[in-house]
*Asks:* 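Here's a structure for you.
What you see is a predicted model; the values in this text were computed from it and never measured. For ligands, and for the atoms within them, numbers begin at 1 and follow the listed sequence.
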Amino acid sequence: MKRIGVMTSGGDAPGMNAALRAVVRTGISLDMEVYGIEHGFEGLLDGEIKELKWSSVGDILQRGGTILRTARSKRFLEDHCQDRAIKILRTFGIEGLVIIGGDGSFHGGLELSKRGIPVMGVPGTIDNDLGYTDYTIGFDTAVNTVLNLISNIRDTSTSHERATVIEVMGRHCGDIALHAGLTGGADYILIPEIPADIKDVCKEVLRGKQAGKGHSLIVKAEGVDFSTDKLVETLEEVTGMETRAVVLGYIQRGGSPTERDRMLASLTASKAVRMLYDDSDSRAIGISGSEIIAVDLEEALEMKRPFDRDMYDLAVMLS
Ligand code: F6P
């Protein structure tokens with residue numbers, strides 16, 4: 001393979017730039033040409049493609065977001081657009097593609113793969129919601145950002161003796177809430193994997209109050225099936241505690257990637273390029289324990305993420 005393409009797609013994640021740097025520099029080291037596709041699948045359809053040199057990815061390792069920009073493309077879901085994308089890739093002489101993104105981006109990649117272009121998926125999403133890999137690029141940074149914010153919120157929550165609901169990202173996967181909640185000492189963690197009733201949260205907060213706890217921190221993933229507003233309203237009503245909500249939103253998606261995310265990005269992205277160089281079929285690259293793995297792309301997308309019940313139980317016990 002002589003010429004490969006690379007794109008970032010879906011929600012940006014800290015470490016995507018580190019992955020891009022590894023793609024470009026591994027590719028050049030293997031005597032390949034690397035073309036960057038801007039704005040994900042949208043940019044592919046619009047032919048926003050240009051060659052990336054060694055220096056194009058200088059000074060980006062420490063930057064959050066993605067210098068290639070990203071997008072969520074509705075157009076690309078249509079068959080005729082996927083056919084067009086293949087024609088565009090062929091026009092540019094691109095023989096294989098690295099897609100840095102999450103589940104939706106990998107599904108897009110699978111369509112291209114079925115049409116004859118080998119695709120390597122590099123897991124870039126803060127959600128940590130891909131079944132085939134232990135971790136995704138951006139998750140560690142997001143959790144640490146949330147953890148710092150929980151500590152700040154704890155200061156004010158204790159001072160005012162309030163209950164505070166902290167909403168974090170995660171539509172289908174509660175990993176950000178679980179990891180940051182456990183390590184941030186949340187009194188209650190609400191995640192999509194464990195259905196809970198607002199009444200249970202109220203009972204727990206009341207129990208804490210009766211045991212002499214002056215304040216309460218509840219970490220809630222956005223994918224939980226009742227709203228944060230409803231929770232705040234009910235908590236105030238039932239517990240009599242002044243209650244506030246903080247929706248952390250995009251703050252947790254930005255920022256300089258941690259060492260762990262930069263390392264995961266560098267290892268998986270470099271592996272992706274070496275797999276293309278070796279003419280491999282499409283794969284999703286990830287990590288299992290301390291081993292970098294390459295799983296058949298279609299099979300990887302079928303794998304369900306195992307839920308860490310022990311971690312949840314530990315968080316409950318320690319709260
Ligand atoms: O996929 C990552 C993610 O940050 C989710 O946690 C969140 O639900 C979603 O993206 C937000 O997407 P958008 O940037 O399109 O608002």
Side-chain angles (χ1 to χ4, degrees), residues 7-20 38-43 63-77 99-110 121-150 165-181 184 189-194 219-229 231 245-258 260-261 264-265 268 284 286 300-301 303-305 307:
M7 68 160 80
T8 49
S9 165
D12 63 290
M16 277 184 161
N17 282 326
L20 176 64
E38 294 187 329
H39 300 109
F41 293 105
E42 279 292 293
R63 284 164 63 183
T66 159
I67 62 156
L68 274 184
R69 312 298 180 223
T70 186
R72 298 191 193 276
S73 177
K74 285 228 168 71
R75 263 197 300 167
F76 192 77
L77 298 174
I99 298 179
I100 306 163
D103 183 74
S105 311
F106 283 16
H107 273 101
L110 186 60
V122 170
T125 165
I126 64 164
D127 285 5
N128 210 34
D129 58 351
L130 293 168
Y132 76 94
T133 179
D134 290 352
Y135 291 105
T136 58
I137 299 160
F139 173 68
D140 186 59
T141 309
V143 168
N144 279 290
T145 302
V146 170
L147 190 55
N148 286 330
L149 295 167
I150 289 180
V165 179
I166 304 163
E167 185 187 298
V168 302
M169 281 184 166
R171 284 167 295 187
H172 311 291
C173 178
D175 275 17
I176 296 179
L178 181 54
H179 285 240
I189 298 171
L190 288 156
I191 50 179
E193 293 88 338
I194 305 276
V219 176
K220 172 182 178 285
E222 65 175 333
V224 167
D225 62 2
F226 49 80
S227 74
T228 296
D229 285 350
L231 177 59
V246 188
V247 178
L248 298 185
Y250 299 104
I251 296 169
Q252 74 205 279
R253 215 161 74 178
S256 183
T258 58
R260 205 165 149 184
D261 276 332
L264 183 61
T268 51
L301 284 169
M303 287 163 78
K304 251 189 91 59
R305 187 161 180 77
F307 175 64

*Asks:* Which residues satisfy the side-chain hydrogen bond (donor to acceptor under 3.5 Å, both in side chains) test with Arg253, sequence neighbours excluded?
*Replies:*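 For Arg253 the side-chain hydrogen bond (donor to acceptor under 3.5 Å, both in side chains) partners, ignoring immediate neighbours, are Asp12.
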*Asks:* Quick check on contacts: which atoms of ligand 1 are under 4.0 angstrom from a heavy atom of Glu222?
*Replies:* 5 (C), 6 (O), 7 (C), 8 (O)
*Asks:* Distance to 0.1 Å, residue and atom name: give those for the protein heavy atom nearest to atom 3 (C) of ligand 1.
*Replies:* Arg253 NH1, 3.5 Å
*Asks:* Tell me: protein heavy atom nearest atom 1 (O) of ligand 1, and distance?
*Replies:*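 Ranking protein heavy atoms by distance from atom 1 (O) of ligand 1, first comes Arg171 NH2, 3.1 Å.
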*Asks:* Taking only non-hydrogen atoms of Gly170, do any sit less than 4.0 angstrom from ligand 1?
*Replies:* yes
*Asks:* Do Asp261 and Thr141 get their side chains close enough for a donor-acceptor pair, meaning under 3.5 Å?
*Replies:*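 Their side chains do contain a donor-acceptor pair, which is all the 3.5 Å distance test asks for.
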*Asks:* Number the atoms of ligand 1 from 1 as they appear, then name those within less than 4.0 Å of a heavy atom of Met169, with their elements.
*Replies:*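 By the 4.0 Å cutoff, the relevant atoms are 4 (O), 6 (O).
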*Asks:* Is any side-chain heavy atom of Pro14 less than 4.5 Å from a side-chain heavy atom of Thr258?
*Replies:* no
*Asks:* Considering only protein heavy atoms, which is closest to atom 6 (O) of ligand 1, and at what distance to one decimal place?
*Replies:* Asp127 OD1, 2.6 Å
*Asks:* Below 4.5 Å, heavy atoms only, C-beta onward: do Asp134 and Phe139 meet side chain to side chain?
*Replies:*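 No, every pair of side-chain atoms sits at 4.5 Å or beyond.
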*Asks:* For ligand 1, which atoms, with element, lie under 4.0 Å from some heavy atom of Tyr250?
*Replies:*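 Close to Tyr250: 13 (P), 14 (O), 16 (O).
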*Asks:* So Asp127 and His172, do their side chains get closer than 4.5 Å, heavy atoms only?
*Replies:*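 No, every pair of side-chain atoms sits at 4.5 Å or beyond.
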*Asks:* For Arg305, is the CZ atom crowded, meaning more than 12 foreign heavy atoms sit under 6.0 Å from it?
*Replies:* yes
*Asks:* Considering only the protein, which heavy-atom contact is closest to atom 15 (O) of ligand 1, and what is its distance?
*Replies:*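 That would be Arg72 NE, 2.7 Å.
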